[in-house]
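What follows is a set of notes on a single structure, which appears directly below.
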Amino acid sequence: MANSQRRITKELAEVTSDPPAGVTVSLANESNVHEWNIMMDGPPGTPYAGGKFKLLLVLPTDYPFKAPTLNFKTKIWHPNVTFDEKGSMCLGMLKGDVWKPSSKIMSILTAAQQLLVEPNPDDAVEASIAQKFKEDKAGFIKEAQEYTKKYAN
Amino acid sequence: MDSEDDFMSGMSSEDDVLQDESDNDDASNDDFNFDEPEPDDLGYSQKDEVKKEKKSFDVTYKVHHPQDIQRQQDDLIDEVNMILDIKKEEAAILLRHFRWNKERLIEDYMDRPKKVLESAGLGPSTSGPPKLEIIDGFACDICCEDEPGLESFAMKCGHRYCINCYNQYLAQKIKEEGEAARIQCPQDGCKRIIDAKSLDLLVTADLQTRYRELLTRTYVEDKEILKWCPAPDCQNAIECGIKKKDLDKVVPTVVCDCKHRFCFGCILAEHQPAPCDLVKRWLKKCADDSETANWIHANTKECPRCNSTIEKNGGCNHMTCRKCKHEFCWMCMGLWSEHGTSWYNCNRFEEKSGAEARDAQAKSRVSLERYLHYYNRYANHEQSAKLDKDIYQKTEKKMIQLQSASGMSWIEVQYLNSASQALQTCRQTLKWTYAFAFYLARNNLTVMFEDNQKDLEMAVEALSEMFEKPVQDLADPKLKVEIMDKTSYCNKRRVILLADTADNLANGEWEFGSDATA
């Protein structure tokens, strides 16, 4: 994939020079452009505010023809992220039939941020968290805040 | 039921046997044994009617070969192309979008052409055939290449990418994802569907072929009346009008031109007379139960309180259930506490708690025994069908020997072939009669069903026995006639059983027991 290098370098330059607010991006390892460390601040006004979340973005070898994967390395209590050591995030645009080769990493990052602001309980990976979110908003906020304090400081 | 010997003596010629074999369930042939001479007054008058009609368990169907399937698509595309005056590639995309429902497409298109085009991924279009272009200052948004002279392509939506990226994108969709009918423009969020003509510009010939194969596949999969023949390497599709909602009333067995017999409803190998739903239930039950059930039956009892299955692998009769801590006596199944001083020496069979527990135990045993009764017979026919097949393969050799030994011609030894076919089909039917019977409630209809089943079973076993005789016996003309008669009889009994079952199924006459709803 000779031409993916060029695209990745370009995207990395864009995202590091002008990242979305509250996000910083760096390579996990300088010699490998396929693994990116993302530091994401919990968006203000959400129960995740004040937390700092580490994510790992992995670009497959046939990027951009295949979608990257995004995982939370910091545990997060959220309906759309598995509450385990994998921290897999269910993001619509990363699904095989939605991802397009022209989709950009920048939009992945904003979509991930947006999901923290607005969880999508109907498309949840953690059913119990989604239920709490739907039926007991106050309780949900309290618990999410507690987990943010516990894991994301 | 009448004795088979009486019945047999009234028939038959070699032609009958051959005819029976050739119209084994063939849907195109609805005059099963129509002009066969019937034996006089043997009480079969009611069944004669069955034979004179089209068999009630047959369904109408048609086999389509790959070229037919292609032609049907082409015809539909041509038609839409003419009626709506749009390009063929676009007609194809529209048809696929409407799952080949031509009438609905035309109607919707007449009403709201723009909306239809939009939703099918054919947004507003400018004219002109698709072509590759070299544009000054073009930079591909996917690979970020911008060298001069780079060839690029855009569909009518105007999203332009270089040929290399397009090629790789399409290759991945077609080869890895098996996608064809719904490949969208590579632009993020653009729903425009790529058409066959554009695709041909962008990919190699082998991908074009694969693309068309996949399109054909979606054509069959999109239509409820078409299904692929599941036999390995068979490329035919079967057309049959039986709908999913009809499957509790009919068991649609179809035979592909490749000879594979299967159920159009569930694609499993033919399973008449049992309807698809019961077959599914039965197979699941067998997968769960059969192997272990035998062992459990022989070695265990259930806890009288929580019904956990317990194996007693030594020790005394004072059992404590590990799950619910219930203490009971292994011998009488009664409460251990009621044993009083006679602990470790059970001689109390009159206690109430013991009797009740033994009752419950017996019920559970009966249900297991009942299942095993049907399962063992089901499995036996499955096994025997395999053996019969093996024996036939050996017999094929013997048929050749038989020709030289007895001076019979090839045609004259074909009766063995017919017998083998009859054994296979009848055993397949018998096998499923046991699964079916397992779910039936006890009533008169079930008794009649079991009579028919018994009759067929006896005939099949008799035929099977004759069929296994050594080759020198087979040369005996008397045995030959017997085999031919029995073959014919088996086929008839099978038709009667299937017709009765199918009629009752169609009329909703069967009553099912608790196992069928559990």
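Residue numbers start from 1 in every chain, and the chains themselves are labelled A, B, ... in the order their sequence lines are given, proteins ahead of strands.
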| If you round to the nearest 0.5 Å, how far is NZ of A/K10 from SG of B/C143? | 10.0 Å

| message | Strictly below 4.0 Å, N to O, side chains only: are A/K66 and B/E176 in salt-bridge contact? | response | yes

| remark: If one checks every heavy atom of B/Q187 against chain A at 4.5 Å, the contacting part turns out to be both

| Considering residues, nucleotides and ligands other than B/R212, do more than 12 of their heavy atoms fall under 6.0 Å from its CZ? | yes

| field | Over 12 foreign heavy atoms within 6.0 Å of NZ, B/K223 | value | yes

| said: For a quick test of reading the model, state the closest non-hydrogen atom pair linking B/D141 to A/R7 and the distance between them. | reply: O-NH1, 3.6 Å

| Does any N or O in the side chain of A/R6 come within less than 3.5 Å of the main-chain N or O of B/C144, such that one atom is a donor and the other an acceptor? | yes

| Looking only at atom types and distance, does a side-chain atom of A/K100 sit under 3.5 Å from a main-chain N or O of B/P186, one as donor and one as acceptor? | no

| Near B/R160 CZ, under 6.0 Å, is it more than 12 heavy atoms from other residues, nucleotides or ligands? | yes

| request: For A/K75, look at atom NZ and say whether over 12 heavy atoms of other residues, nucleotides or ligands are found less than 6.0 Å away. | output: yes

| remark: In A/P64, A/S103, A/S4, the residue satisfying side chain to side chain contact (heavy atoms under 4.5 Å, CB included) with B/I142 is A/P64

| Looking at CZ of A/F65 and CD of B/Q168, how far apart are the two atoms once the value is rounded to the nearest 0.5 Å? | 4.0 Å

| For B/E179, is it the side chain, the backbone, both, or neither that has a heavy atom closer than 4.5 Å to a heavy atom of chain A? | neither

| query | With a cut-off of 6.0 Å (strictly less than), are more than 12 heavy atoms of other residues, nucleotides or ligands near CD of B/Q208? | reply | yes

